[in-house]
Participant: 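Handing you this structure, nothing more for now.
Lettering of chains follows the sequences in order, A, B, ..., and the numbering in each one begins at 1. As a basis for the values below, the full set of heavy atoms in this structure was taken, side chains included, without hydrogen atoms, waters or symmetry mates.
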2 protein chains.
Amino acid sequence: MPRAGLTADRVTRAGAELADELGFDQVTPSVVARHFGVQVASLYSHVRNAEDLRVRIALLALEEMADRGAAALAGRAGKDALIALGDTYRDYAREHPGRYAAAQMRLDHETALASAGPRHSAMIRAILRGYDLTEPDQTHAIRLLGGAFHGYITQELGGSFDHSEPGPEKSWGRILDALDALLRHWPHEGQP
Amino acid sequence: MPRAGLTADRVTRAGAELADELGFDQVTPSVVARHFGVQVASLYSHVRNAEDLRVRIALLALEEMADRGAAALAGRAGKDALIALGDTYRDYAREHPGRYAAAQMRLDHETALASAGPRHSAMIRAILRGYDLTEPDQTHAIRLLGGAFHGYITQELGGSFDHSEPGPEKSWGRILDALDALLRHWPHEGQP
DNA sequence: TGCAAACACCTAATAGCATTAGGCAACTGC
DNA sequence: GCAGTTGCCTAATGCTATTAGGTGTTTGCA
């Protein structure tokens, strides 16, 4: 009987594709096994268990997004960079909703540190170099940007904007304008 | 044999408490049944299925948050109102992480319309009356605020800030300052 | 070229969860 | 105090996750 040619990597990639098609929470060992036409138990040589499978998909997604982000940021600064990174995340989420959801998984500290997560913070921090912010405001701004990007994308993906005007495209553009303006005129502590 | 006294409402409330203790995705009919010392099948008279149980918890959470938000907003305007609503969400999420996670569930359109969801948009819109925004910027601002609140809270709850300075309390305060400043000086379309 | 080790996949077994059908006993209203 | 309702039960089905141990295929090395 010919083999399916499973490896941890191919299992993870297939899981990621299934996540995009079916939703991240539908990705289970049995679904992946069916996809390969293989017995469920066969997966357990490549992936420790269901949780491990999901974590691997999350790590893959974080990596892919970081790679895209880095490419988009190359040679850009200021508002251009802000838009480039924001669009990277948003486009990725729309192309790969399951992977994007995976990337939001809570990872344990050690795994998170070894993941592409820190690259993401570094990219946002790099963007802020184009604005006139010093610590600790830089950290506050990173947290705001990360939250705003993720929050907006989550709402859009969740269909929150499906039945109202204006379209999400328009809002996104204006929100990036607004965030850029905010970063250029970040309020001082204790100011009116 | 004495009865446990189940009703759809008590099942939902117990599910919500279990969500806060164990995490929303751990809330299943079997866990709830064990909590009541009852056979799993007994739940099915009160709740249609596992999905229905989760949706009910989500609706409860949305309602509770809207109630708290409305109370917090009473008699406040402008930045005070912004802080009040933001704190409402954040405090709720920290007190009831499982319920908060439930509230982020994607609901189908009809259910969403009948939920307390619209009350939340209305509250944010009410806050914006304290600022000088007209449509469509008002809608953009609602989407930004909703996303920023949710995104920040998700990050904080997910432990993203656990190993860095400054503390989440500090960042939250400064981010509210920043959002207030942004709403007061919302950039016009096509402005530098 | 051929053998042995490594390995990809299998079968079998256990245990937990979701869901449905049908039954009995405990409450409720008259 | 009885009849009807209904809350909870047992039983049964089928799916999923996970582990253990077996078998045939592939690969590296002599």
Participant: Rounded to the nearest angstrom, tell me the gap between atom CZ in B:Arg10 and atom C1' in D:dT6.
Facilitator: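 Atom-to-atom, B:Arg10 to D:dT6, this comes out as 16 Å.
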Participant: Please determine whether a side-chain nitrogen or oxygen atom of A:Arg34 lies at a distance below 4.0 Å from atom OP1 or OP2 of D:dT16.
Facilitator: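 So the side chain of A:Arg34 is within the cut-off, an N or O lying under 4.0 Å from OP1 or OP2 of D:dT16.
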Participant: For A:His96 and A:Tyr100, I'd like to know if the aromatic rings sit close, meaning centre-to-centre distance below 6.0 Å.
Facilitator: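 Ring centres of A:Tyr100 and A:His96 not closer than 6.0 Å.
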Participant: Quickly work out the A:Tyr44 OH to D:dG21 P distance and round it to whole Å.
Facilitator: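 After rounding, the reported distance stands at 17 Å.
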Participant: Would you classify A:Ser42 as touching base, sugar-phosphate or nothing, given that sugar-phosphate means primed atoms plus P, OP1 and OP2, and contacts are heavy atoms under 4.0 Å?
Facilitator: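 If one applies the 4.0 Å heavy-atom cut-off, A:Ser42 turns out to touch a base.
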Participant: If I take atom CG in residue B:Asp25 and atom P in nucleotide D:dA17, what distance separates them, rounded to the nearest angstrom?
Facilitator: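 Taking CG of B:Asp25 and P of D:dA17, I get 14 Å after rounding.
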Participant: OP1 or OP2 of C:dC7 less than 4.0 angstrom from a side-chain nitrogen or oxygen of A:His46, does that happen here?
Facilitator: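 Checking A:His46 against C:dC7: no side-chain N or O falls below 4.0 Å of OP1 or OP2.
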Participant: Taking CG from A:Asn49 and C1' from D:dT16, how many angstroms apart are they, rounded to a whole number?
Facilitator: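 The answer, rounded to whole Å, is 13 Å.
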Participant: From the list D:dA17, C:dA12, D:dT10, which nucleotide is the closest neighbour of the side chain of A:Thr28?
Facilitator: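 Nucleotide nearest to A:Thr28's side chain: D:dA17.
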Participant: Would B:Arg143 pass as a cation-pi partner of A:Phe161, given that its NZ or CZ must be under 6.0 Å from the six-membered ring centre and within 45 degrees of the axis?
Facilitator: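 Yes.
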Participant: If the cut-off is 4.0 Å, is B:Ser30 near the phosphate of C:dG16, judged by side-chain N/O to OP1 or OP2?
Facilitator: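 Result: no.
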Participant: Among the nucleotides D:dA17, C:dA12, D:dT10, which one has an atom lying closest to any side-chain atom of B:Gln39?
Facilitator: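 So the side chain of B:Gln39 is nearest to D:dT10.
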Participant: If you measure only the distance, is there a donor-acceptor pair under 3.5 Å linking the side chains of A:Thr111 and A:Asp108?
Facilitator: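 Side-chain D/A pair, A:Thr111 to A:Asp108: present.
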Participant: Distance check needed: C:dC9 P versus A:Leu43 CG, whole Å only.
Facilitator: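 One finds 9 Å between P of C:dC9 and CG of A:Leu43, rounded.
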Participant: Expressed as a whole number of angstroms, how long is the span from B:Leu53:CG to C:dT19:P?
Facilitator: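 Computing the B:Leu53:CG to C:dT19:P distance gives 10 Å.
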Participant: Tell me: CD of B:Glu51 to C1' of C:dC17, nearest whole Å?
Facilitator: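 Those two atoms, CD and C1', are 16 Å apart.
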Participant: Between B:Asp52 (CG) and C:dT20 (P), how many Å, whole number?
Facilitator: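 So the two atoms are 11 Å apart, to the nearest Å.
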Participant: Ignoring backbone atoms, establish whether B:Ser45 has a side-chain N or O less than 4.0 Å from OP1 or OP2 of D:dT6.
Facilitator: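 Negative; the distance criterion is not met.
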Participant: Treating A:Arg34 as the side-chain partner and A:Gln39 as the backbone partner, does any N or O pair qualify as donor plus acceptor under 3.5 Å?
Facilitator: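 Such a contact is absent between A:Arg34 side chain and A:Gln39 backbone.
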Participant: Salt bridge check, A:Lys79 against A:Asp177: does any charged N sit closer than 4.0 Å to a carboxylate O?
Facilitator: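 The answer is yes: the pair qualifies as a salt bridge.
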